[in-house]
Undergrad: 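Below are the structure tokens for one structure; questions will follow.
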Protein chains: 2
Amino acid sequence: MGRNAHFNNEQFIDTALKIAAGQGPAAVTIAAVAGDIGAPVGSVYHRFLSRDVLMAEVWGRVAASFQDEFLTALEKGEGIEAALHTPRWVRQHSAEARILLLYRREELAAGSWPEEMKERAFGISLRLDAGISEFAARTFGKAGREEINRTVFAIIDVPYAAVLRYIRQGKKPPRAVEDHITKTYNAIMRRTK
Amino acid sequence: MGRNAHFNNEQFIDTALKIAAGQGPAAVTIAAVAGDIGAPVGSVYHRFLSRDVLMAEVWGRVAASFQDEFLTALEKGEGIEAALHTPRWVRQHSAEARILLLYRREELAAGSWPEEMKERAFGISLRLDAGISEFAARTFGKAGREEINRTVFAIIDVPYAAVLRYIRQGKKPPRAVEDHITKTYNAIMRRTK
DNA sequence: CATATATTAGAATGTTGATTCTATTATGTC
DNA sequence: GACATAATAGAATCAACATTCTAATATATG
């Protein structure tokens, strides 16, 4: 019952994502999102409790897109595959990459995340920590702070650094980044301390 | 002539820097800066043409603080010293580091930089490019795109990544980051391609 | 001491954008 | 066909801030 919808949640999330990627999160005003689709602002609020909730959806989508493949590689025990996932994913998902790597969660949605989203984010973070720990233990024989730090550096921080400069310029990372990431990975994750 | 000043430019810049480091650039409202010092908002505008100009001063100060030592090390030909400058500087300058590494120029001051500041920034950027090029040429025998990419990665991007995680948590980077940076530097800057 | 002026003081203005509110319009159900 | 309601429409509110404006105050200079 009720009239047919002209729009759907996905459209609003997609549009918010597109604007955030192109012009930064501050440009994602309710009017801009609605205007882009040709919807009235009221329709945004009909579907999302607030701007924060809309942005939290954007974040959730982007983070999940990245982390699912990343964790899969890691849980398989392929550290170098996990590390190389970053440049690959970035090439395939330019807009999402800009959001994930250029802004922090709090810049997208300042306060009040819906409980469900907080739990989702917490779950992802737990899974990430566990994956890293297990991998460190498997690689080094134990997973103390030292081993975890090295692992995080090699498979998260360095790939991020390798790719960031290109994302800022709106370019796809060149092939050389794989080489840099791999060399660093080998140097850091070598068994010999 | 005229009455004595109760405040001075430095105070406003310091306060803006402190607030930006602690609560992010968005928290740097004119009222917040003035209020923190006990000055009227009018006094801010008496000294700075606009919020953007004030923030540009903050940025200029922070950038210069970092880059002077960095470039000195680089121009001496000490690549590894330049790379290690990042964690050292970060430990000594927590607030400045948060601003320099957590936000981009445009987040501090969106539009309209005063001409003088633009030139200063441009000069710094030129000097940086030249320093990197020279260093790459000295290290690899030539400074093509490939050699420059490697150099930038090893002495800028990786140190940044090594330190970022701790800055976000408001902690000082542990000693291990020097080890990671050094290992990476050796792996990447090895003469053998 | 009178004047010019640098500076403080802080109220008034204007804009931008989130959010709320009040219709209006279709569509399924009875 | 009348009713309930999901959804669209978009005007009206509200709040936060940057910026502007109009005093009020000291102080140096003559």
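The basis for the numbers below is simple: all heavy atoms, side chains too, and nothing from hydrogens, waters or symmetry mates. Quantities reported herein were computed from a predicted structural model and do not represent experimental measurements. Quick note on labels: first sequence line is chain A, next is B, and so on, each numbered from 1.
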Undergrad: Chain B on DNA chain D: first and last contacting nucleotide, 5' to 3', under 4.0 Å to a heavy atom?
TA: D/dC17 to D/dA28
Undergrad: Decide, yes or no, whether a salt bridge links B/Glu75 with B/Arg127 under the criterion of side-chain N to carboxylate O below 4.0 Å.
TA: yes
Undergrad: If you round to the nearest 0.5 Å, how far is CG of B/Asp129 from CD1 of B/Ile124?
TA: 12.0 Å
Undergrad: Do NZ/NE/NH1/NH2 and the carboxylate oxygens of A/Glu178 and A/Lys183 come within less than 4.0 Å?
TA: no
Undergrad: Between the protein and nucleotides 26-30 of chain C, list every N/O to N/O distance that falls short of 3.5 Å.
TA:
residue, atom, partner, partner atom, Å
C/dT27, OP1, A/Asn4, ND2, 2.9
C/dT27, O4', A/Gly2, O, 3.1
C/dT27, O2, A/Gly2, N, 3.3

Undergrad: Over 60° means perpendicular and under 30° means parallel, so classify the ring planes of B/His180 and A/Phe153, tilted if in between.
TA: parallel
Undergrad: Is B/Asp14 salt-bridged to B/Lys18, going by a charged N under 4.0 Å from an acidic O?
TA: no
Undergrad: Using nucleotides 15-22 of chain C, report all nitrogen or oxygen pairs with the protein that are shorter than 3.5 Å.
TA:
residue, atom, partner, partner atom, Å
C/dA18, OP1, A/Arg51, NE, 3.3
C/dA18, OP2, A/Ile30, N, 2.9
C/dT19, OP2, A/Tyr45, OH, 2.9
C/dT19, OP2, A/Arg51, N, 3.0

Undergrad: Verify the contact: side-chain N or O of B/Ser43 to OP1 or OP2 of C/dT8, cut-off strictly under 4.0 Å; return yes or no.
TA: yes
Undergrad: Is the shortest side-chain N to carboxylate O distance from A/Arg104 to A/Glu106 below 4.0 Å?
TA: yes
Undergrad: Calculate, to the nearest 0.5 Å, the distance between atoms OH and CG belonging to A/Tyr166 and B/Asp157 respectively.
TA: 7.5 Å
Undergrad: Verify whether the ring centers belonging to A/His85 and A/Phe66 lie closer than 6.0 Å.
TA: yes
Undergrad: Tell me whether B/Glu10 is salt-bridged to B/Arg61, with the criterion being a basic N under 4.0 Å from an acidic carboxylate O.
TA: yes
Undergrad: Give me the atom names and distance for the closest heavy-atom approach of A/Lys172 to A/Ser94.
TA: NZ-OG, 3.3 Å
Undergrad: Categorize A/His6 for me: base, sugar-phosphate, or nothing, with a 4.0 angstrom heavy-atom threshold over every strand shown.
TA: sugar-phosphate
